[in-house]
Amino acid sequence: MDYNVINLKTVMNPDPKLGGLTIAEGERDIPFAIKRIYCIHHTEAEYHRGFHAHKKNWQLLFCPCGEIEISLNDGKNVETVVLDDPSKGIILSPGLWRELVWKVDNAVLCVAASEYYDPNEYIRDYNEFLTYVHN
Ligand code: T46
């Protein structure tokens, strides 16, 4: 399936009370130039988001705080990746149906995207997605 789990450079402060800093550079750590970033926050545990695919948009997803399960579907197979560490990122190519499950309250999802927001670039109907990937 067309995704990659990557290790994001993370610098922990020598004083653990000061925490860490995680870095992703466009066209270096990730295979595209970043046009947009967003984050999803204040979501309660066991709630699901997503239920769509993108036609053009590449994305880096990572979870700096908490745990989020990402279920990916390419129209043939379903695979699940758990983001549970700030330094664990996932690069998603276009054409993957995704469902995201918040495993704990207030987990944060950070996303870097290759495209500006365009609602017409989303496929939000599952049958339309299957037709799209099988043609
Ligand atoms: C994705 C997953 C991981 C905007 O106005 N601009 C934006 O750039 C985005 C991303 C969203 N929105 C609006 C559209 C909706 O009214 O924010 C609202 C929530 O978006 P959505 O229902 O698409 O949220 P999720 O969590 O289902 O999906 C989002 C991204 O849209 C999507 O690209 O892969 O996060």
Side-chain angles (χ1 to χ4, degrees):
M1 199 179 294
D2 208 357
Y3 70 86
N4 272 318
V5 175
I6 62 168
N7 190 45
L8 299 171
K9 185 177 175 190
T10 296
V11 182
M12 296 307 296
N13 193 283
D15 179 351
K17 293 190 185 68
L18 290 178
L21 187 155
T22 295
I23 306 140
E25 295 187 330
E27 300 178 275
R28 292 181 174 176
D29 305 308
I30 62 177
F32 54 84
I34 298 166
K35 283 192 178 157
R36 181 167 51 112
I37 58 169
Y38 56 90
C39 64
I40 298 174
H41 47 83
H42 291 101
T43 305
E44 291 183 23
E46 296 311 326
Y47 278 81
H48 294 224
R49 301 188 62 126
F51 303 98
H52 60 254
H54 289 281
K55 293 179 186 169
K56 281 180 66 184
N57 196 25
W58 286 77
Q59 292 164 308
L60 162 69
L61 274 55
F62 67 104
C63 173
C65 179
E67 182 178 337
I68 300 169
E69 188 180 277
I70 317 283
S71 165
L72 299 167
N73 179 338
D74 64 0
K76 290 190 210 121
N77 299 303
V78 177
E79 296 181 15
T80 298
V81 176
V82 177
L83 297 180
D84 57 359
D85 185 299
S87 62
K88 186 173 180 183
I90 183 169
I91 307 286
L92 301 183
S93 70
L96 293 174
W97 185 266
R98 79 282 314 269
E99 299 178 13
L100 305 101
V101 186
W102 262 248
K103 304 306 284 183
V104 295
D105 286 343
N106 295 320
V108 175
L109 185 72
C110 293
V111 182
S114 68
E115 306 301 324
Y116 296 119
Y117 180 62
D118 174 6
N120 297 317
E121 176 277 326
Y122 283 66
I123 305 171
R124 291 192 180 270
D125 178 86
Y126 187 65
N127 288 325
E128 188 188 327
F129 165 71
L130 291 177
T131 303
Y132 182 81
V133 291
H134 291 304
N135 284 297

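Only a predicted model underlies this, so the values are computations on that prediction, with no experimental measurement involved. The figures that follow rest on heavy atoms only: side chains count, while hydrogens, waters and symmetry mates do not. Both counts, for ligands and for their atoms, begin at 1 and track the order of listing.
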Counting C-beta onward and ignoring hydrogens, is there a side-chain heavy-atom pair between [X] and [Y] closer than 4.5 Å?
| X | Y | result |
| --- | --- | --- |
| Ile37 | Cys110 | no |
| Trp97 | Leu130 | no |
| Leu83 | Leu109 | yes |

Next item on the list: Write out all pairs satisfying salt bridge (Lys or Arg N to Asp or Glu O under 4.0 Å) with one or both partners inside residues 19-35, taking only residues at least two apart or from two chains.
Entry: Glu25-Arg28, Lys35-Glu115
Next item on the list: Grab the two heavy atoms, one from Leu60 and one from Gly89, that are nearest each other, plus how far apart they are.
Entry: CD1-CA, 4.1 Å
Could you list, one pair per line, each nitrogen or oxygen of ligand 1 together with any protein nitrogen or oxygen closer than 3.5 Å, giving atom names and the distance rounded to 0.1 Å?
unit_1: ligand 1; atom_1: 8 (O); unit_2: Arg36; atom_2: NH1; d: 2.5
unit_1: ligand 1; atom_1: 23 (O); unit_2: Arg124; atom_2: NH2; d: 2.8
unit_1: ligand 1; atom_1: 24 (O); unit_2: Arg49; atom_2: NH2; d: 3.3
unit_1: ligand 1; atom_1: 26 (O); unit_2: Arg49; atom_2: NE; d: 2.6
unit_1: ligand 1; atom_1: 26 (O); unit_2: Arg49; atom_2: NH2; d: 3.3
unit_1: ligand 1; atom_1: 27 (O); unit_2: Gly50; atom_2: N; d: 2.9
unit_1: ligand 1; atom_1: 31 (O); unit_2: Tyr122; atom_2: OH; d: 2.6
unit_1: ligand 1; atom_1: 33 (O); unit_2: Tyr38; atom_2: OH; d: 2.8
unit_1: ligand 1; atom_1: 33 (O); unit_2: His54; atom_2: NE2; d: 2.8
unit_1: ligand 1; atom_1: 33 (O); unit_2: Gln59; atom_2: NE2; d: 3.1
unit_1: ligand 1; atom_1: 33 (O); unit_2: Tyr122; atom_2: OH; d: 3.2
unit_1: ligand 1; atom_1: 34 (O); unit_2: His52; atom_2: NE2; d: 3.3
unit_1: ligand 1; atom_1: 34 (O); unit_2: Gln59; atom_2: NE2; d: 3.0
unit_1: ligand 1; atom_1: 34 (O); unit_2: Arg98; atom_2: NH1; d: 2.7

Note to self: Assigning hydrophobic clusters by single linkage (Ile, Leu, Val, Met, Phe, Trp, Tyr; side-chain heavy-atom cutoff under 4.5 Å), is Ile68 placed with Leu92?
What the structure shows: yes
